[in-house]
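In what follows, every chain begins at residue 1, and chains take the letters A, B, ... in the order their sequences are listed.
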Amino acid sequence: MKLLIILKKELTDQIRDKRTIIAAVLMPALIVPMLLLLTTQNISGDEAHPASRVIIINNDSGIKEIILRTYSDTQFITSGSPRDAIIRGEADILVDFTKSGDSYNSFTLYYDSAGKSSMLAYLKFYDLFDSSFNRSEIISGNVKITSLTIRSEKEGKTLLTLSMLLPVLLMVFAASSAMSGAVDMSAGEKERATIETLLSCSISHRAIILGKVLASSSIGFASILSLLAGLVISSHFYPAITGGLSLLEFCGYKNLCLTLFIISIAIIMFSSAGIAIGLYAKSVKEGSILILPVIILSSALSSGLIAADPFNVNRLFSMVPILNISHLIRSAVYNNFEPVFLMISILTSVVFTSVFLITGTLLLKKESVIFRS
Amino acid sequence: MITLSEIYKSFPGKKEMALSDISFSIGKGEAIALVGENGAGKTTLIRILSLILKPDKGFFSFDNIKFSDNPDYIKNKTGTLFSGDGSLYDRLTAEENIKYYAQLNGVGKNDYRKRIGPLIEDMSLSAFINDRVSTFSRGMKQRTAIARALITNPDFLILDEPSTGLDIISGNSVKRIINRLKQDGKTILFSSHNTDEIFTCADRITVIHKGKINCDKTVEAYRTAHGQDLTVYIKE
C-alpha cells in the first residue's frame, strides 16, 4: 500500500531530525518527572501543615488551652509590636479579644492576607474559635465515632496528583508533538518545494494524507510513550513525585494500557488537524503559529476538569473533543469507566478526525492552497 | 506522442491568463526547448503536463490518451525535474530519494535493482549515493533529481530549468545527459534560459510569451531566421 511508503519515508525523515528526537521523545521523558519533582519539593509532609506562630494579647491562658487542644504544635510568641511582627513574618496571627469575667465576648484575628502561612493560620483559627464558641452544644454520650478514609494517605495523595496532572500533561504533549510533526510534514513539504514531485507521482491524495497522519501520529505516540515511561521509571525510584506511590503501582498495567489507547485516539485527531492546518499554511512558521491555539485549548480544557467530580460528569462532555479524552484519562486513574461515555467519546473523536482528513484531502487538491507561499 | 490542444489557464486574482490557447505537439524522441521570460507561463505549462494543475479549458493527450481519462498511465510514462534544488528530501540519502519516488510510482523491486546501478553510473552518483542530500552541491542535487526522474524509465521527460544555478562543469554535464537521453529515444521537454544548452540539445524551440506561444520552430529554422537571439519573440 502506497500510504505505507509515505509513512516509512516520513518516519525516516523525522527520526533523522535531531530536534524531533529531543523535543518529541527526550523532553517528555525528562521534563515531566522534573516538573513533578520540583512541585513536590514545595509540598512535602511538614510544609503542608506548618505549625502556626500565634501572638495572644495578654498571653491569655484560656485561649492558649483552646488552641493547644486542637493544634498542639502551635508556637506562642510574645512581641512588643505584634502587628509589625506579622508584617515581618515573625508571627502568623494576632488574637485579640474582649472578655466579661470568665466569658469571652468577641475575638479579633489579625493576619496578613498576602502571606500564605498567615492566611492558613487565619482559616484554621477562625474555624476553631467559631466551632468552640458559636456552634450548638453537643451532649456527650458513650458512642465512639471514628473517621477513617477508604484510601491510605499515600493512595489519596497519589490519586490527587495523577488525576490533576496526568490528563493535562498527556493532552499537551500529545497535541504539541503530533501537530508539530504534522505541520512539518505538510507545510514543510510546500516550503521545501518537494510537494510538486510528490503530487506528480501516481499516488492518490487520500493515501498521501493518510500516510502523513499515520507518521505524525507515530511521533505523537512515541512522545506519550516516552512521557509515561519516564514517569514510571522516575516514580519507581522516587514515588514522592507522584504523591507517594509509583505510577505503575497505583494504576497497574491495565489502566496504563487503557490510558495509552485513549490518548492514541486524541493523537490521531490532533495529527489530522495538524496536517490540514499545515496544508493551509504558507510555511512551517505560519503552521506552528496556527496550531498554537489548539495546543493552548487542549491544556485549558483538560485542566478545566480538575475541579469536576470524576464520578459525576455531564454526558454532554463526551461530545466535546479534548474534554472527553481528558475525562477518560481521569477515569482510568480513578479506575472508574463509564462504557457509554467511552463509546460516545470514541465516536466523537472519529467524526472530528474524519472531518480533518476530508479537509486535508480537499486542501491538497486546491491549487491556490498548494502553491500558496 | 504528446499533443496539447487549446489549453487555457488562469489563476484567481490575476487579470491576465497564465496560459492562452496553447497548442503544439511533441513527437516521439524529440527534444523541445521551452523558452520565455520569467512569468511567461513555462512552469504553469510544465505543471499541467505533470498533472499537478488542471487546465481551465483544453486538454493534452499522451499516446492518444487524454490526461483526464487515465492520469496514472500518463504519470507512469512521465518523469519530471522541477526547478529549484531538485525538490529532494534533505534528510534522506540520494538513493533513498530515488527509491521513494520509484516506490510511489509502482516500480517493482526487481525493476528498481536493474535500473539503479546503470543510473548511478550514468549520472556519476556513486561517490555520494549513500550520503544525505543536505550535504550536496547544486550540481549533485540536479544529477540526483534527474536520476530520480529516470528511475521509472519514462518515455517522456520534463526538465524545468535543469542547468539554472549550476557551474560550467555541472551545466555541461546536464547538457551531455540531455543529449544522451535523446539518443536513448526519450522525448524531452526542457525549459531553459541558457542559449548554449538550447541550441546544443533541442530539436525545436518553442517560445512562450505572456502565456501565448509566439514561435514554434526547429532549431535550424530559428537559427536561420534569428541566429541565436532568443529575445526576438519576447520583446514588449
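- For a residue to count as touching a neighbouring chain, one of its non-hydrogen atoms must lie under 4.5 Å from one of that chain's; by this rule Leu198(A) touches chain B with the side chain only.
- Atom CG in Asp13(A) sits 5.0 Å away from atom CG in Leu92(B) (nearest 0.5 Å).
- Only the side chain of Phe11(B) comes within less than 4.5 Å of a heavy atom in chain A; its backbone stays farther off.
- Here the CZ atom belonging to Arg47(B) is positioned 10.0 Å from the CG atom belonging to Leu199(A), to the nearest 0.5 angstrom.
- Atom CG of Asn64(B) is surrounded by 12 or fewer heavy atoms from other residues, nucleotides or ligands within 6.0 Å.
- Other residues, nucleotides and ligands contribute over 12 non-hydrogen atoms within 6.0 Å of the NZ atom of Lys182(B).
- Arg91(B) places no side-chain N or O within 3.5 Å of a backbone atom of Arg16(A) that could act as its donor or acceptor partner.
- Side chains of Glu189(A) and Tyr89(B): a donor on one and an acceptor on the other come within 3.5 Å.
- Residue Thr93(B) touches chain A through both its backbone and its side chain, counting heavy-atom pairs closer than 4.5 Å.
- At distances below 3.5 Å, not a single donor-acceptor pair connects side-chain atoms of Glu196(A) with backbone N or O atoms of Ser50(B).
- Close approach to chain A, defined as a heavy atom under 4.5 Å from one of its heavy atoms, is seen in Tyr100(B), Tyr101(B), Gln103(B), Leu104(B), Asn105(B), Gly106(B) of residues 98-113 of chain B, taken by number.
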Between Lys9(B) and Glu367(A), is a side-chain contact (heavy atoms from CB on, under 4.5 Å) present by the stated rule, with each step listed?
CA-CA 12 Å; Lys9(B) 181 69 183 171; Glu367(A) 294 167 9; 2.6 Å; yes
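- The environment of Phe59(B) atom CZ is dense: over 12 non-hydrogen atoms of other residues, nucleotides or ligands sit within 6.0 angstrom.
- The number of heavy-atom neighbours closer than 6.0 Å to CE of Met27(A), taken from other residues, nucleotides and ligands shown, is 12 or below.
- Counting only N and O atoms by type, the side chains of Thr197(A) and Ser87(B) include a donor and acceptor under 3.5 Å apart.
- Here the side chain of Lys75(B) pairs no donor or acceptor atom with the backbone of Ser200(A) at under 3.5 angstrom.
- Listed options Ile195(A), Asp17(A), Ile203(A) were ranked by heavy-atom pairs under 4.5 angstrom with chain B; first place goes to Asp17(A).
- Around the CZ atom of Phe261(A), the shell of radius 6.0 Å holds no more than 12 heavy atoms that belong to other residues, nucleotides or ligands.
- Crowding of His236(A) atom NE2: a count of heavy atoms from other residues, nucleotides or ligands under 6.0 Å not exceeding 12.
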Could you go through the side-chain contact (heavy atoms from CB on, under 4.5 Å) check for Phe371(A) and Ile52(B) one step at a time?
CA-CA 11 Å; Phe371(A) 298 110; Ile52(B) 296 170; 3.4 Å; yes
